[in-house]
Amino acid sequence: MAMEKARVLVAFTVLDQLLNPNQVIEADEAIIKGLADQVDRSPEAVAYCLNNGGKIMTIQFTSAEDDLSEGKENDPPAGKEADQSTAEAEKSTQPKKGK
C-alpha cells in the first residue's frame, strides 16, 4: 500500500481524531482518494502547509478482512474445547428422530 500526503481543507474527525484545516495527513492512497472533498492531494498544497507550520498526522486503518487474513479471528479452538465444538456441531447437523 502506497502512503500519500494531503492537506486538510475542512475540519472533520477520523478515528476519533479531529483534523483541522491546514494539517497534513498521511494515509494509504485509497483512503486519501476517499476523502476527496475534504483534502487536497496536490504536492503544492502539502508543501504550503508544511512550510507554514502544518503538522503531519499519520492515519492507519485496519479492516476486519486484514484481521481475518492474519488468522486473528478464525483460529480454531484447541484441545478439549475443540473436541466439544466438533461434537456439538455434529449433533446440530444430524436429523432429529421422530416418535
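- The side-chain heavy atoms of V8 and Q23, taken from C-beta on, include a pair separated by under 4.5 Å.
- With hydrogens and angles ignored, the 3.5 Å screen pairs no side-chain donor or acceptor of T13 with any backbone N or O of D16.
- Counting heavy atoms from C-beta on, the side chains of F12 and L18 never come closer than 4.5 Å.
- When side chains are defined from C-beta on, R41 counts as touching E29, because their heavy atoms get closer than 4.5 Å.
- Rounded to the nearest 0.5 Å, atoms CD1 (I31) and CE (M3) are 9.5 Å apart.
- Of the candidates D37, D40, L35, L9 forms a side-chain contact (heavy atoms from CB on, under 4.5 Å) with just one, namely D40.
- Closest heavy-atom contact between A11 and N20: CB-OD1, 4.1 Å.
- Looking at heavy atoms from C-beta onward, E26 lies out of side-chain contact with I59 at the 4.5 angstrom threshold.
- With Q17 contributing its side chain and V14 its backbone, the two residues share no donor-acceptor pair below 3.5 Å.
- A 4.5 Å side-chain heavy-atom check between L19 and M57 finds at least one atom pair inside the cut-off.
- Across I32, I56, T58, a single residue satisfies side-chain contact (heavy atoms from CB on, under 4.5 Å) together with I25, and that is I32.
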